[in-house]
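Down below is the structure, laid out as structure tokens.
Both ligands and their constituent atoms are indexed starting at 1 by order of listing. What you see is a predicted model, and the numbers here were worked out from it, not measured in a lab.
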Amino acid sequence: MSTAPPVVTIDGPAASGKSSIARLVARRLGFTYVNTGNMYRAMTWAVINAGVDPHSADAVRAAAAGVVLESPVVEGRTQVCVAGHTLTDAELNSDSVNKAVSLIARVAEVRERLVADQRALIAIGPLVMEGRDIGSVVFPDSPHKIYVDASEEVRASRRSAQGHADQVAERDRMDKQRKASPLVIPEGAKVIDNSHITLEQAVEQVIAALKL
Ligand code: CDP
Ligand code: CDP
């Protein structure tokens, strides 16, 4: 029998509610919350700050290899630090990062590096980890897989209510069509559509689906 700490994996498209649900589920369970999108966003912030064209996979690959990224745990959740600087929410969710992040995330070498970092976080203990490929690639053997969905209209309106300019449909298209670990419903995942339920109801459905 495996003695590794449990990992609840939560995947889904942009603005589906993953982060809010994962944070609350982690709090309920006393697990550490890991937002892997912020790791891709931090890498994107570093690459574009270095003046690199996000469309050039070769330039992204070279620049990303030199980025020092860390994920310290603060108050039950991981932060993202680039070369010792803890990124703010404004930096992580800026228009320029929103526009470029799916271009950076499609580069296989960037993914390999971040997936290795994500797997290493198990040393912290039990995790709730959310992203796009957590149940399919990062922790495919986890028996605790959730896929959170919501309609395109609901997701676009939730993101604009947050005050961010974000082309969620365009990002989803790229995330689903890329060659390297595209967004899919992982095998064995419980699908929870939260288009028309509250955050609290979605959290209850996740907790009820888990066999921890
Ligand atoms: O919060 P939102 O759903 O808008 O996005 P996010 O979770 O912060 O992820 C930002 C971007 O990072 C996604 O659009 C993907 O391109 C990429 N990503 C990924 O490729 N794999 C992950 N495990 C997490 C995010
Ligand atoms: O992490 P992801 O981009 O998938 O979504 P999020 O940032 O957790 O959620 C986007 C917005 O939708 C947040 O302001 C949530 O509070 C809101 N939301 C909601 O109103 N009802 C839900 N059932 C889920 C999320």
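The closest approach between any non-hydrogen atom of M39 and ligand 1 is not below 4.0 Å. Not a single heavy atom of G12 sits under 4.0 Å from any atom of ligand 2. Residue contacts with ligand 1 do not include Q118, since none of its heavy atoms lies under 4.0 Å from the ligand. At least one heavy atom of R111 sits under 4.0 Å from some atom of ligand 1.
Residue pairs meeting the side chain to side chain donor-acceptor pair (under 3.5 Å) criterion with at least one partner in residues 67-79, sequence neighbours excluded, do not occur; the list is empty.
For ligand 1, the polar-atom distance check against T36 finds a nitrogen or oxygen pair separated by under 3.5 Å. Polar contact check, A15 against ligand 2: a nitrogen or oxygen pair lies under 3.5 Å apart. Considering both main-chain and side-chain atoms, N38 never comes within under 3.5 Å of ligand 1 through any nitrogen or oxygen pair.
Residue T198 touches ligand 2 through its backbone alone, judged by heavy-atom distances below 4.0 Å. With a heavy-atom cut-off of 4.0 Å, A202 does not touch ligand 2 at all. At a 4.0 Å heavy-atom cut-off, ligand 2 does not touch I21 at all. For S181, no heavy-atom contact with ligand 1 is shorter than 4.0 Å. Contact annotation: for Q162 versus ligand 1, there are no heavy atoms closer than 4.0 Å.
Clustering of Ile, Leu, Val, Met, Phe, Trp and Tyr side chains at separations under 4.5 Å places L24 together with V8, I10, I21, V25, L29, F31, V128, I146, V148, I192, L199, V203, V206, I207, L210, L212.
Distance from atom 23 (N) of ligand 1 to its nearest protein heavy atom, with residue and atom name: D133 OD1, 2.9 Å. With respect to atom 1 (O) of ligand 1, the closest heavy atom belonging to the protein is R159 NH2, 3.8 Å. Protein heavy atom in closest approach to atom 8 (O) of ligand 2: S20 OG, 2.5 Å. Among all non-hydrogen protein atoms, the one lying nearest atom 19 (C) of ligand 2 is R158 NE, 3.5 Å. Nearest to atom 13 (C) of ligand 1 among the protein's heavy atoms is D175 OD2, 3.3 Å. For atom 24 (C) of ligand 2, the nearest non-hydrogen atom of the protein is N194 OD1, 3.1 Å. Nearest protein neighbour of atom 10 (C) of ligand 1, counting heavy atoms only, is R171 NH1, 3.5 Å. Closest to atom 17 (C) of ligand 1, if we only count protein heavy atoms, is A105 CB, 3.7 Å.
A side-chain hydrogen bond (donor to acceptor under 3.5 Å, both in side chains) with N98 is found for exactly one of R41, R171, E170, R159, namely R41.
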Problem - Steps toward side-chain hydrogen bond (donor to acceptor under 3.5 Å, both in side chains) verdict (D193, S195) - result: CA-CA 6 Å; D193 188 314; S195 305; 2.6 Å; yes

Handout entry: Residues R111, Y40; criterion side-chain hydrogen bond (donor to acceptor under 3.5 Å, both in side chains); working and verdict
Key = CA-CA 8 Å; R111 304 200 68 79; Y40 288 92; 3.3 Å; yes

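Here is the list of ligand 2 atoms found below 4.0 Å of a heavy atom in S19: 1 (O), 2 (P), 8 (O). Within ligand 2, counting atoms from 1 as listed, the ones closer than 4.0 Å to a heavy atom of I197 are 23 (N).
When K18, M43, M129, R132 are checked for heavy-atom proximity to atom 5 (O) of ligand 1, R132 turns out nearest.
Shown here is Q167, whose CD atom has no more than 12 heavy atoms of other residues, nucleotides or ligands within 6.0 Å. Taking a 6.0 Å sphere around CD of E187, one finds it holds 12 or fewer heavy atoms contributed by other residues, nucleotides or ligands. Counting non-hydrogen atoms of neighbouring residues, nucleotides and ligands closer than 6.0 angstrom, the CD atom of E109 exceeds 12 such neighbours.
Residue W45 holds its CH2 atom at 5.0 Å from CG of L87, rounded to the nearest 0.5 Å.
Of the N and O atoms on the side chains of S16 and D149, not one donor lies less than 3.5 Å from an acceptor on the other residue. Defined by atom type and a distance below 3.5 Å, a donor-acceptor pair is missing between the side-chain atoms of T36 and E130.
The side-chain heavy atoms of T86 and V80, taken from C-beta on, include no pair separated by under 4.5 Å. Residues L121 and V73 have side chains not in contact (no heavy-atom distance under 4.5 Å, counting atoms from C-beta outward).
Remark: the backbone N or O of P182 is not paired with any side-chain donor or acceptor of K176 at under 3.5 angstrom.
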